[in-house]
K.L.:
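I am attaching a structure below and will ask some questions about it afterwards.
Chain letters run A, B, ... following the sequence lines, proteins first, then strands; residues in each count from 1. Basis for what follows: all heavy atoms, side chains included, without hydrogens, waters or symmetry-related copies.
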Amino acid sequence: MATYTPSEIEARWQAAWEEAGIFTATRSGDKPKYYVLEMFPYPSGRIHMGHVRNYTMGDVIARYKMSTGHNVLHPMGWDAFGMPAENAAMAIGGHPKTWTYDNIADMRGQMKPLGLSIDWSREFATCDPEYYGQQQSLFLDFLEAGLVYRKNAQVNWDPVDMTVLANEQVIDGKGWRSGAEVERRELTQWFFKISDMAGELKDALDGLDNWPAKVRLMQENWIGESRGIDIPFVRTDGDGTILCYSTRPDTMRGASFIAVSPDHPVAKALEAENPDLAAFIDECRKMDTTEAAMEKAEKKGIDTGVRVKHPVYPDVELPVWIGNFVLMDYGTGAVFGCPAHDQRDLDFARKYDLPVQNAFYLPGDETEVGTEALVPAKTEKVHFIDHFAGITEVTSQEAIDATIDYFEAHDLGKGQTKYRLRDWGLSRQRYWGCPIPVVHCNDCGVVPEKKENLPVVLPDDVTLDIPGNPLDRHPTWRDTPCPNCGKAAKRETDTMDTFVDSSWYFARFTAPHADTPTVKEDAEYWMNVDQYIGGIEHAILHLLYSRFFARAMQITGHLPKSAIEPFDALFTQGMVTHEIYQTSDEKGRPVYHLPEDVTDGKLADGTEVEIIPSAKMSKSKKNVVDPLGIIASYGADTARWFVLSDSPPERDVEWTASGAEAAYKHLARVWNICDRIGAMDKAASGQGDDDLLRAMHKTINDVTLGVESFGFNAAIAKLYGFTATLQKSKASHAAQREAIMTLAQLMAPMTPHLAEDIWAHQGGDGLVTTAPWPIADEAMLKSDTVTLPIQINGKRRGELTVDADLEKSEVEKLALAHEAVTKALDGGTPKKVIVVPGRIVNVVV
RNA sequence: GCGGGCGUGAUGGAAUGGUAGACAUAUCAGACUUAAAAUCUGAAGGGGUGUAGCCCCGUGUGGGUUCGAGUCCCACCGCCCGUACCA
């Protein structure tokens, strides 16, 4: 008897697919198109089981759609710019470009043996000048359309290394390399005007029916639409007004102070003359720039001495404080504090001994606020105290609306809809990114590079041995004639955020080598992405930026209007998690190690590593398994089968060696069944043909539903069950042959090589990959009888087997006659009987 | 801090509000074998008991809605993701 030898089978069928060219996507009118895309990988150097799982899922969908008569586009590329390449260059020498392209070659080589149905002719890396040159062209179009602008923004500044740090490089407020206390520094930077589209981006979420509800909710909260009011507070020193934004103007009676951001013009103006304020503002600038750090920091403030008039009670004066918790980017950078009805304001007021006064009570409970702010739901009715707009007992929401009306009527303020979403800062003070194609000219100012001069190519002759952006100190690259006047000028040395690269790659895949960003016919044919698959960690930023880009590309004529929501369906798979292995160098700085270099918590030289359960780590304490080792031992089909069967796609993946072994054994079992059926007497009669075929149609139905709903693990469980049935079957050759060929088809999206081999072995027509998906016969799915559990008071007490189409009343009669029921009733009558046809009977006694 | 999610046997997990633990791993028993491996068959949530049966408990904790809750609601605990310069 022959044995299952995946290495031989897999190489053979991959060659067959290649020769048939079936994964090369071309526009054609006779089939519906289907574009399936997995979030493209960062070329870190080695693929891991998480990648295998991600791309196998996409491959299952792509292959399934191919066999259901679709013209499938399934491309692959590389998100190739970013910090790790620069870090590698600093740590081990060499050039980011070499490191990146070497990694891409390695990873491509590791990916190909998986037998993915990828159209490799469309492959590109975002660091290819052919790609980022088109990105520069897009940038110039966005600039012309008014979608890009410059403004000052703060960055983390390392005063020792004299460089800008990413948030990730700031650890407990200190630079990761230098250990120096990080400061904030203001730079002029480029921004995309995403905030102009905030309302639209929020409203369009409603139409994304095939996105997970949690992602839509996260985006909605992130965009953060709020209805409130801008209220100018008049300064008592006659020096104009301070504009505050509030979503709770109804609590105005309880206002006891104004708090402005340390970056607010009022604060900046006073900084020069007041050393105490300057010291406080300076302290605020020591904090790193992340929202989490700001929110978790102790709430502090300082009185500026400035006073404003209460807009409703002009006799009341409110002090103006600088608060470290007020964000300049949100609202107007100034708020009024109402301690009685906001916990943060209350804590602040108690700390600095500011007045606390209720604006309302709960009806019938006139307790003054103590240590806990009174913040009932906006839908709850509250009793207002002496409200200026004349309202008494209404809900907070009604009070807010009435107050805004009152303020507008009396010209005290203006109702505003604001968003939490800020503009997208795209400037990065780094080398390994897409150069921003503008030139700074002393005479003409900021001048866009001419399109015919694109791409602005990154120079290769740089070194990363000293911190900072080497483009800043490049001897010649920076010097360039002004595109406008021709005089000597200097290039912008900032590069683009890598999120820009990943915000339109899906559109580029439709015409990956065109000399324009997109090609109309291709974009119109292939867009949208029908199924997008990726990690939940991208739920907000990447997906929101891509949605913005699709709109901006539509405005600038690079995408059709139909593609402004570029992803029709989204599936978020579980995280790719890792342990981090760390040691320290002589200066106490962290050094990281690959899992394959760590054995029992030690390096080869015996050094113990610290295992950090930080950001993205492995749930299990086991090391990360190299997919190549698995493929070498068991074959790609085993790896694919296991990563799909192990856990539900939306959860984190965990590898177990025994699971892989079991997957291999199962595939070998299927192969052996195929072998046995091939050797059967073709003419011999058998028993149980009908049972086998019924089981087969049930399995077709279950697996089809499973694949369509991303229930891959459940689909595989059904395939296990059907394999066991087939294994024990004594049916005729014809029935068993039909069963094994159907089994091969159902397994084909997951284990395509094995499926092809079985298909060929049984004399199937052509390739199983292109064979039409089997269709379940409805008539074979129905069964004549059904077994219903009988519950008494919700607890299972017996069961009843009845004809499937028996009347409800008849079922009830039979149930009441059941021994367990008569015993429980003890001669009495039931309070209630619930019969759910085909499901359950519940008797309440 | 804030926003979102998750929590079920020894383990990964299954379960349109309707028999909790499918399927798989590990375990145990049996068949085959001189033996082992491989393969095949079967058992198995915990506890009790009169042991082919029956009863009690059981899906992080505590409440609630319902004829019926792993599933829906509220509160809490733990973990994970995001938090705008990691990708």
Side-chain angles (χ1 to χ4, degrees), chain A residues 39 41-42 44 79 81-84 153 155-156 164-170 189 212-215 217-222 224 289-297 299 325 329 344 420-430 497-499 501-502 535-542 544-545 572 574-575 577 613 615-617 619-620 642 645-648 650-659 661-663 665-666 668-669 672 711 713-714 716-721 724 727-728 787-799 831-834 836 838-844:
Chain A
M39 290 179 185
Y42 179 80
S44 57
D79 188 15
F81 276 134
M83 283 205 315
V155 294
N156 299 307
V164 175
L165 298 179
N167 286 337
E168 194 186 50
Q169 296 172 310
V170 180
Q189 304 191 66
K214 64 179 172 187
V215 175
L217 186 57
M218 278 190 266
Q219 292 220 354
E220 184 174 338
N221 290 336
W222 182 260
T289 58
T290 65
E291 188 197 338
M294 305 254 288
E295 287 284 329
K296 276 188 245 172
K299 306 295 175 284
F325 53 88
D329 289 317
R344 187 189 61 194
R420 207 185 72 97
L421 181 67
R422 309 201 293 257
D423 277 335
W424 171 13
L426 69 119
S427 297
R428 296 291 180 273
Q429 296 70 41
R430 309 202 160 271
D497 178 8
T498 56
F499 271 123
D501 311 335
S502 55
I536 186 68
E537 71 273 24
H538 293 297
I540 295 175
L541 293 181
H542 162 62
L544 192 60
Y545 291 158
T572 53
M575 286 287 305
T577 57
K616 292 163 197 173
M617 66 155 233
K619 239 184 187 174
S620 76
F642 175 71
S645 65
D646 175 51
S647 50
E650 65 275 13
R651 287 211 205 169
D652 293 355
V653 69
E654 188 177 2
W655 178 268
T656 59
S658 55
E661 175 84 25
K665 283 182 187 173
H666 179 74
R669 196 176 301 137
N672 289 336
N713 54 330
I716 281 178
K718 302 292 183 186
L719 288 168
Y720 269 111
Q727 174 145 321
K728 288 172 203 157
T787 300
L788 301 175
I790 295 179
Q791 291 184 336
I792 294 166
N793 294 338
K795 283 180 189 288
R796 185 182 176 277
R797 284 294 182 270
E799 59 183 38
K831 274 190 195 156
K832 197 170 178 182
V833 181
I834 292 122
V836 184
R839 276 285 175 195
I840 205 163
V841 180
N842 190 14
V843 181
V844 185

K.L.:
Can you tell me which nucleotide in B:rA84, B:rG18, B:rC85 comes closest to the side chain of A:V836?
P.N.:
B:rG18
K.L.:
Please check this pair: side chain of A:R428 against backbone of A:D497, looking for a donor-acceptor N/O pair closer than 3.5 Å.
P.N.:
no
K.L.:
Kindly say whether A:A539 contributes a backbone atom to a donor-acceptor pair with the side chain of A:Q219 at under 3.5 angstrom?
P.N.:
yes
K.L.:
Partner of B:rA31 by Watson-Crick or G-U wobble geometry, both contacts under 3.5 Å, or none?
P.N.:
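In the structure as shown, B:rA31 has B:rU39 as its Watson-Crick or wobble partner.
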K.L.:
If you take atom types as modelled and just measure distance, does the side chain of A:E537 reach the base of B:rC80 with a donor-acceptor pair under 3.5 Å?
P.N.:
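No pair found.
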K.L.:
What integer distance in Å separates A:K795:NZ from B:rG18:P?
P.N.:
17 Å
K.L.:
Is there a Watson-Crick or G-U wobble partner for B:rC86 with both distances under 3.5 Å, and if so, which one is it?
P.N.:
none
K.L.:
Quick one: label A:A539 by what it contacts on the DNA or RNA (base, sugar-phosphate, nothing), any heavy atom closer than 4.0 Å.
P.N.:
nothing
K.L.:
May I ask you to evaluate whether A:K832 reaches the phosphate of B:rC67, defined as a side-chain N or O under 4.0 Å from OP1 or OP2?
P.N.:
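The answer is yes; a side-chain N or O of A:K832 sits under 4.0 Å from OP1 or OP2.
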K.L.:
Does the structure show a Watson-Crick or G-U wobble partner for B:rG58, both distances under 3.5 Å? Name it, or say none.
P.N.:
none
K.L.:
With sugar-phosphate meaning primed atoms plus P, OP1 and OP2, does A:V833 contact a base, only sugar-phosphate, or nothing at under 4.0 Å between heavy atoms?
P.N.:
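It contacts nothing in the nucleic acid.
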K.L.:
What's the closest nucleotide to the A:P648 side chain, out of B:rA14, B:rC56, B:rC85?
P.N.:
B:rA14
K.L.:
With a 4.0 Å cut-off on heavy atoms, is A:T498 in touch with a base, just the backbone sugar-phosphate, or nothing at all?
P.N.:
sugar-phosphate
K.L.:
From C-beta outward on A:N713, which listed nucleotide comes closest to its side chain: B:rC23, B:rA14, B:rG42?
P.N.:
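Looking only at side-chain atoms, A:N713 lies closest to B:rA14.
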K.L.:
Identify whether any heavy atom of A:Q189 sits under 4.0 Å from a base atom; if not, whether one sits that close to sugar-phosphate; answer base, sugar-phosphate or nothing.
P.N.:
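Here A:Q189 touches the bases of the nucleic acid.
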K.L.:
Could you pick out which residue, A:V215 or A:D497, lies toward the 5' side of RNA chain B when each is mapped onto its nearest nucleotide?
P.N.:
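First, find each residue's nearest nucleotide; the 5'-ward one identifies A:V215.
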K.L.:
When both hydrogen-bonding distances must be under 3.5 Å and the geometry is Watson-Crick or G-U wobble, what is B:rG21 paired with, if anything?
P.N.:
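Checking every strand shown, B:rG21 finds no partner, since no pair has both distances under 3.5 Å.
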K.L.:
Have a look at A:N842 and say if it touches a base, only the backbone sugar-phosphate, or nothing, with a 4.0 Å heavy-atom cut-off.
P.N.:
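Base: the residue A:N842, judged by heavy atoms under 4.0 Å, touches a nucleobase.
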K.L.:
Using the C1' atoms only, state how far B:rU11 lies from B:rG21, rounded to an integer number of Å.
P.N.:
13 Å
K.L.:
As a test of the definition: with a 90° window around 0 for syn, would you call B:rG9 syn or anti?
P.N.:
syn
K.L.:
Within the structure shown, what part of the strands sits under 4.0 Å from A:F499 by heavy-atom distance: base, sugar-phosphate, or nothing?
P.N.:
base
K.L.:
Side chains of A:Q791 and A:I840: closer than 4.5 Å at any heavy-atom pair?
P.N.:
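Of all side-chain heavy-atom pairs linking A:I840 with A:Q791, at least one is under 4.5 Å.
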K.L.:
On a whole-Å scale, what distance lies between the P atoms belonging to B:rG5 and B:rU71?
P.N.:
16 Å
K.L.:
Measure CZ/A:R796 against P/B:rU19 and give the value in whole Å, please.
P.N.:
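My rounded result for the distance is 10 Å.
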K.L.:
OP1 or OP2 of B:rC40 versus the side-chain N and O atoms of A:Q727: is any pair under 4.0 Å?
P.N.:
yes
K.L.:
What is the distance, to the nearest angstrom, from the CZ atom on A:R839 to the C1' atom on B:rA20?
P.N.:
14 Å
K.L.:
Mark yes or no for a side-chain to base donor-acceptor pair under 3.5 Å between A:Q429 and B:rC85, with no hydrogen or angle criteria applied.
P.N.:
yes
K.L.:
Please report the distance, rounded to the nearest Å, between CG in A:N793 and P in B:rC55.
P.N.:
13 Å
K.L.:
Separation of A:R422 atom CZ from B:rC85 atom C1', in whole Å?
P.N.:
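One finds 11 Å between C1' of B:rC85 and CZ of A:R422, rounded.
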K.L.:
For a quick check of understanding: with a heavy-atom distance under 4.0 Å over all strands, which category does A:L788 fall into, base, sugar-phosphate or nothing?
P.N.:
nothing
K.L.:
What's the closest nucleotide to the A:N167 side chain, out of B:rA14, B:rC86, B:rU41?
P.N.:
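Nearest to the side chain of A:N167 among the choices is B:rC86.
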K.L.:
Checking base pairs now: Watson-Crick or wobble, both atom distances under 3.5 Å. What partners B:rG53?
P.N.:
B:rU49
K.L.:
State, yes or no, whether a side-chain contact exists between A:K214 and A:I536 at a heavy-atom distance under 4.5 Å.
P.N.:
yes
K.L.:
In whole angstrom, give me the gap between the P atoms of B:rC6 and B:rG17.
P.N.:
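Looking at atom P only, B:rC6 and B:rG17 are 14 Å apart.
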K.L.:
Heavy atoms from C-beta onward define the side chain here; which of B:rG1, B:rA84, B:rU19 lies closest to that of A:T290?
P.N.:
B:rA84
K.L.:
Is A:R422 salt-bridged to A:E291, going by a charged N under 4.0 Å from an acidic O?
P.N.:
no
K.L.:
Applying a 4.0 Å non-hydrogen cut-off, can you work out what A:H542 is touching in the nucleic acid: base, sugar-phosphate, or nothing?
P.N.:
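The answer is nothing, as A:H542 stays clear of every strand by at least 4.0 Å.
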K.L.:
Which is more 5' along RNA chain B, the nucleotide nearest A:N221 or the one nearest A:P84? Just name the residue.
P.N.:
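Looking at RNA chain B, the more 5' nearest nucleotide goes with A:N221.
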K.L.:
Hey, can you tell me if A:F499 and A:H542 have their rings parallel, tilted or perpendicular (30° and 60° cut-offs)?
P.N.:
parallel
K.L.:
Between B:rG60 and B:rU66, how far apart are the two P atoms, rounded to whole Å?
P.N.:
23 Å
K.L.:
Kindly point out which of B:rC67, B:rC85, B:rU83 is positioned nearest to the side chain of A:V844?
P.N.:
B:rC67
K.L.:
If we only count heavy atoms from C-beta on, is the A:E295 to A:F325 side-chain gap below 4.5 Å?
P.N.:
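They are not in side-chain contact.
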K.L.:
Within the 4.0 Å heavy-atom criterion, would you say A:K296 contacts the bases, only the backbone, or no part of the nucleic acid?
P.N.:
base
K.L.:
Measure from the side-chain heavy atoms of A:L217 and tell me the nearest of B:rG18, B:rG4, B:rA87.
P.N.:
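It is B:rG4.
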K.L.:
Could you state the CG-P distance from A:N156 to B:rC85, rounded to the nearest angstrom?
P.N.:
10 Å
K.L.:
Touch check for A:R797, heavy atoms < 4.0 angstrom, all strands: base, sugar-phosphate only, or nothing?
P.N.:
sugar-phosphate
K.L.:
May I ask you to say what A:W424 touches in the nucleic acid, namely base, sugar-phosphate or nothing, with a heavy-atom cut-off under 4.0 Å?
P.N.:
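Nothing, no heavy atom under 4.0 Å.
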K.L.:
Given B:rC23, B:rA84, B:rU19, identify the nucleotide with an atom nearest to the side chain of A:E799.
P.N.:
B:rU19
K.L.:
Quantified in whole Å, what is the C1' atom distance between nucleotide B:rA87 and nucleotide B:rC28?
P.N.:
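Going atom to atom, C1' in each nucleotide, I get 47 Å.
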K.L.:
NE2/A:H666 to OG/A:S645 distance, rounded to the nearest 0.5 angstrom?
P.N.:
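Result: 9.5 Å between the selected atoms.
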K.L.:
Using a 3.5 Å distance criterion without hydrogens, assess whether the side chain of A:K299 forms a donor-acceptor pair with backbone atoms of A:A297.
P.N.:
yes
K.L.:
Please lay out, stage by stage, how A:L544 and A:L421 fare under the test side chain to side chain contact (heavy atoms under 4.5 Å, CB included).
P.N.:
CA-CA 10 Å; A:L544 192 60; A:L421 181 67; 3.8 Å; yes
K.L.:
Which part of the nucleic acid, if any, lies within reach of A:G425 when heavy atoms closer than 4.0 Å are counted: base, sugar-phosphate only, or nothing?
P.N.:
sugar-phosphate
K.L.:
How far, in whole Å, is B:rG70 from B:rA15 if one measures between their P atoms?
P.N.:
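Roughly 15 Å separates the two P atoms.
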K.L.:
Counting side-chain heavy atoms from C-beta on, which of B:rA38, B:rC40, B:rU19 comes nearest to A:R669?
P.N.:
B:rC40
K.L.:
Whole Å only: how far is the NZ atom of A:K718 from the P atom of B:rA14?
P.N.:
13 Å
K.L.:
For B:rG13 and B:rU65, measure between their C1' atoms and round to the nearest Å.
P.N.:
29 Å
K.L.:
Answer with base, sugar-phosphate or nothing: what part of the nucleic acid does A:G721 contact at a heavy-atom distance below 4.0 Å?
P.N.:
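The answer is nothing, as A:G721 stays clear of every strand by at least 4.0 Å.
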K.L.:
Starting at CG of A:L426 and ending at P of B:rC85, how long is that distance when rounded to a whole Å?
P.N.:
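It works out to 10 Å between those atoms.
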K.L.:
From the list B:rC85, B:rU41, B:rG4, which nucleotide is the closest neighbour of the side chain of A:K728?
P.N.:
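Taking heavy atoms from C-beta onward, the closest nucleotide is B:rU41.
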K.L.:
Identify whether any heavy atom of A:D329 sits under 4.0 Å from a base atom; if not, whether one sits that close to sugar-phosphate; answer base, sugar-phosphate or nothing.
P.N.:
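It contacts nothing in the nucleic acid.
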